[in-house]
Structures are given as C-alpha cells and as structure tokens.
Amino acid sequence: MRVRELVKSFEPYRVEEGDYPVRLDKNESPYDLPNWVKEEIFEELRELSFNRYPHITSMPAREAIADFYGLSPENVAVGNGGDELIRYLVRLFEGGYVVTTPPTFSMYYFYAKLNGIPVLEVPLREDFTIDGDAIAEKAGNASAVFIASPNNPTGNLQPEEEIVKVLDTGTAVVLDEAYAEFAGKTLWRLIEEYPNLIVLRTFSKAFSLAGVRAGYLLANGEIVDALYRVKSPFSVGVMTMAAVKVVLRHYDLVERRVAKIIGERERIRRAFREFTYPSDANFLLMRLNAYEFLLGKGIAVRKLAGRLDGHIRVTVGRKWENRKLIEALREFLEVRECG
Ligand SMILES: *Cc1c(COP(=O)(O)O)cnc(C)c1O
C-alpha cells in the first residue's frame, strides 16, 4: 500500500511536542476555567445521558449561542472546533477554487488541498491588509474566499471597506473571527445584509476551551442547513455542548481575562516595539529570529516561514510567563549585539 504524494507533502505538525515549561505557541488562553465554573459544567453533565448520541444538529449548543447573539439557532452551526467547520466550508459552495490571503491560517489551504480543491492565493499587502479589489477580481469563479480578521499570524484586523468589496461580489466569504474578542470589533451583524457572509468563531481562544473542541459559525439559514447536510452527524458531543452552555453564562469572566491579556500584550510590545507589529489578537508577530534561542530557555513559540521567515509568533501568556519571555528576548538581543 502506498500513501499518496499529496499527503506526504503535508508538513508534520510543527509545534514542538517537547517539555517546555512556557508554552506560547498555540494561541490558547493561558487561564484555565476556574474550578467553580468547572463545577457548573459537572452539574450539567450529571443530568445528561452518556449512553445516548448527542443531538444530531447540536441544538442545545446552537440555542445557547443564538441566545447570546439574539439570533435564531437557524443562523448558527457548531463544530468540533472551528477547524471542523473549515473542513466543510472549503467544499460547500460551487466554484473552481478557494481564495486565501497568505500569510494566513494554514488550515484553509490544508483542507482545500485535502479535498482536491485548488487554492488561489492573493497575498496580503505590505502592511498585512487584504487587497479587496484584487480578491474581488478573482472571486467570480471561486467557491469561497477565506479572510481571517484579526489575521493569524500577523495579528491585524482587516479593514471593513476591503471586506465589503469582497462581499459585494456575492461569492461566499468565510470571515474567520477566531480572535474577535481581543479586537473589540466584529462584523457578524453583516450576516443580515450579506447572505454570502459566514462568520467563523471559536471557544478555543478567549473562552479557554481549546481542549474541549468547540467552534461555531454565524450565517444565513440556507448555508447552515447545507452544512448540516454534509457534516459528520455526531462530532459535537454532550460534554462539549454542556461546556459551551456554561461558559456563555460567564462572559463577564471572559471579558476580564481578555482585558488582562490585552494589557500584557501591550506590555510585551512596548518592550520590543522596534521588532513587534501591532496586534488586535492574543499574540504578537515579532521580527526576531529567536525561535531556537527561546526553546533553549524552555519557551516554545511559533516559528514562521516563507514571507515571514525570521519571524516568530508569540502567544500572550500569564504574567510570569511573559516576564520570562521578555527576559529571554532581552538576552537574545544582547547576545546578538555582541555576536
Ligand atoms: C485557532 C483558530 C481557529 C479555530 O481553532 P479551533 O480550535 O479549531 O476552534 C480558527 N481560525 C484561526 C485563524 C485560528 O487561529
């Protein structure tokens, strides 16, 4: 038996799996849920039948999310992480290829290729904003356009007027707002105006649930219905739905944590302003070739390549983790000066 060339060409998962005391590589929340919130989840679990399959279209979680936004559950789809939803969105719409805007989240490219769908790349401009006109020009024959805002790994929000240029083409636009809670700006309300807009969100970042695996999208009912026709029926379990319901009841906690993370983000940025891009997310893009040096200090960050060769992406951590990061990077710069 031979493994397909295409599969072999996918890079192995690049995140360091070693034992690093400071993990700033996956854009997770550095704060676990407090025990009192976990207890509330356990209470919910007690009432559930573990022997039964979960609701086939995840209605309990969709209702909780819909209530949170003041939408109807018909406008909400839930997945096993936002990741699972991307897997379907690359092939849900008719068209010859998907459009992505590198450097950006690699999963759009990954799932398109895995599904045999060509990818047309419209690179970000020098300042990492999308070129709405250039994308719109290519969008006509595309099945979908993927735009992350704030973008991962560059950290910046995309200008609304550029996004609207793409929306006006009528092609499906997946607006990935995985980091919206940190940006304080979201375009989800545009789903009322644009039936071709799909806003993707996740519980993995601001909501501290990366280990639980829950993501969702907001879109018009026809798209949600189409997605549920092709989605794996039981990929969102009863435990995941219970956790989602409970964390949404405690959004005030999420907001306090987001404020703390933003404060820390700006503290790190001030320390290395010369090398650090502004960020609207919970991570920073730094023009520092410090990946190996930091690993040696027990700090894992994300190493970037291609156009961002020589850059690292650093997740904002807890205060003591950020302190270690700042110390290590100061040392890196000193060594570099002397070397
Ligand atoms: C983290 C992330 C997601 C979603 O991750 P899940 O854990 O699968 O929900 C989606 N898009 C971007 C850009 C991300 O960084």
Side-chain angles (χ1 to χ4, degrees), residues 13-15 23-30 32-33 58 61-62 65 76-90 98-112 114 119 121 124 128 130 144-158 163 173-183 185-188 198-219 227 231-232 235-237 239-241 243-244 247-248 254 258 261 265 279-285 301-304 308 312-316:
Y13 201 47
R14 270 184 302 163
V15 172
R23 302 226 55 137
L24 306 176
D25 57 342
K26 294 201 203 74
N27 295 349
E28 298 147 320
S29 174
D32 194 0
L33 293 182
S58 310
R62 289 165 68 195
I65 295 163
V76 182
V78 182
N80 189 279
D83 206 64
E84 188 197 11
L85 298 171
I86 294 169
R87 176 145 60 96
Y88 303 119
L89 289 169
V90 296
V98 302
V99 175
T100 66
T101 62
T104 190
F105 195 44
S106 56
M107 288 296 137
Y108 318 137
Y109 181 92
F110 176 86
Y111 282 123
L114 196 59
V119 177
E121 302 189 320
L124 296 179
F128 299 141
I130 55 167
V145 177
F146 285 79
I147 297 169
S149 179
N151 186 45
N152 176 6
T154 57
N156 56 299
L157 271 170
Q158 294 299 352
I163 293 168
V173 176
V174 178
L175 184 63
D176 186 342
E177 292 192 335
Y179 301 95
E181 291 85 358
F182 302 99
K185 182 176 163 76
T186 164
L187 295 182
W188 75 262
I198 300 114
V199 173
L200 187 68
R201 292 293 197 90
T202 180
F203 287 97
S204 296
K205 311 287 163 50
F207 281 86
S208 299
L209 290 185
V212 167
R213 308 306 300 131
Y216 60 100
L217 62 77
L218 308 175
L227 185 116
K231 185 182 157 297
S232 292
S235 61
V236 180
M239 296 190 183
T240 297
M241 288 196 277
V244 163
V247 294
L248 284 172
V254 173
V258 163
I261 290 168
R265 178 186 78 199
S279 170
D280 299 300
N282 67 339
F283 57 86
L284 288 160
L285 175 66
V301 301
R302 189 67 183 264
K303 182 183 190 165
L304 300 172
L308 293 176
I312 52 174
R313 189 197 69 192
V314 180
T315 309
V316 178

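Ligands are counted one by one from 1 in listed order, and the atoms in each one are counted from 1 as well.
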Which residue from V212, D176, T202, T104 reaches closest to atom 12 (C) of ligand 1 through any of its heavy atoms? D176
For a 4.5 angstrom cut-off between non-hydrogen side-chain atoms, does Y179 reach N27? yes
Just so I know, are the side chains of N152 and F283 near enough to count as touching, which here means a heavy-atom distance under 4.5 Å? yes
Using a strict cut-off of 4.0 Å, indicate which atoms of ligand 1 neighbour a heavy atom of [X].
{"X": "A178", "result": "2 (C), 3 (C), 10 (C), 11 (N), 12 (C), 14 (C)"}
{"X": "G81", "result": "8 (O), 9 (O)"}
{"X": "Y179", "result": "1 (C), 14 (C), 15 (O)"}
{"X": "S204", "result": "6 (P), 7 (O), 9 (O)"}
{"X": "D83", "result": "8 (O)"}

Any side-chain to backbone donor/acceptor pair from [X] onto [Y]? Under 3.5 Å, distance only.
{"X": "D280", "Y": "P150", "answer": "no"}
{"X": "R201", "Y": "G215", "answer": "no"}
{"X": "S149", "Y": "Q158", "answer": "yes"}

Polar atom proximity, Y108 to ligand 1 (N or O, under 3.5 Å): no
Short N or O distance, L200 and ligand 1, threshold 3.5 Å exclusive: no
Of the protein's non-hydrogen atoms, which lies at the shortest distance from atom 8 (O) of ligand 1, and what is that distance? R213 NH2, 2.8 Å
Residue and atom name of the nearest protein heavy atom (relative to atom 3 (C) of ligand 1), distance in Å to one decimal: K205 NZ, 3.5 Å
Indicate the atoms forming the closest heavy-atom contact of P103 with L124, along with that distance. O-CD1, 3.5 Å
Within the 6.0 Å centroid threshold, strictly below: F105 and F146: no
Is the distance between the ring centroids of F203 and Y216 under 6.0 Å? yes
Close approach of [X] to ligand 1, heavy atoms, under 4.0 angstrom:
{"X": "F203", "value": "no"}
{"X": "K26", "value": "no"}
{"X": "N27", "value": "no"}

Would R213 and E84 pass as an ion pair if we require N to O under 4.0 Å? no
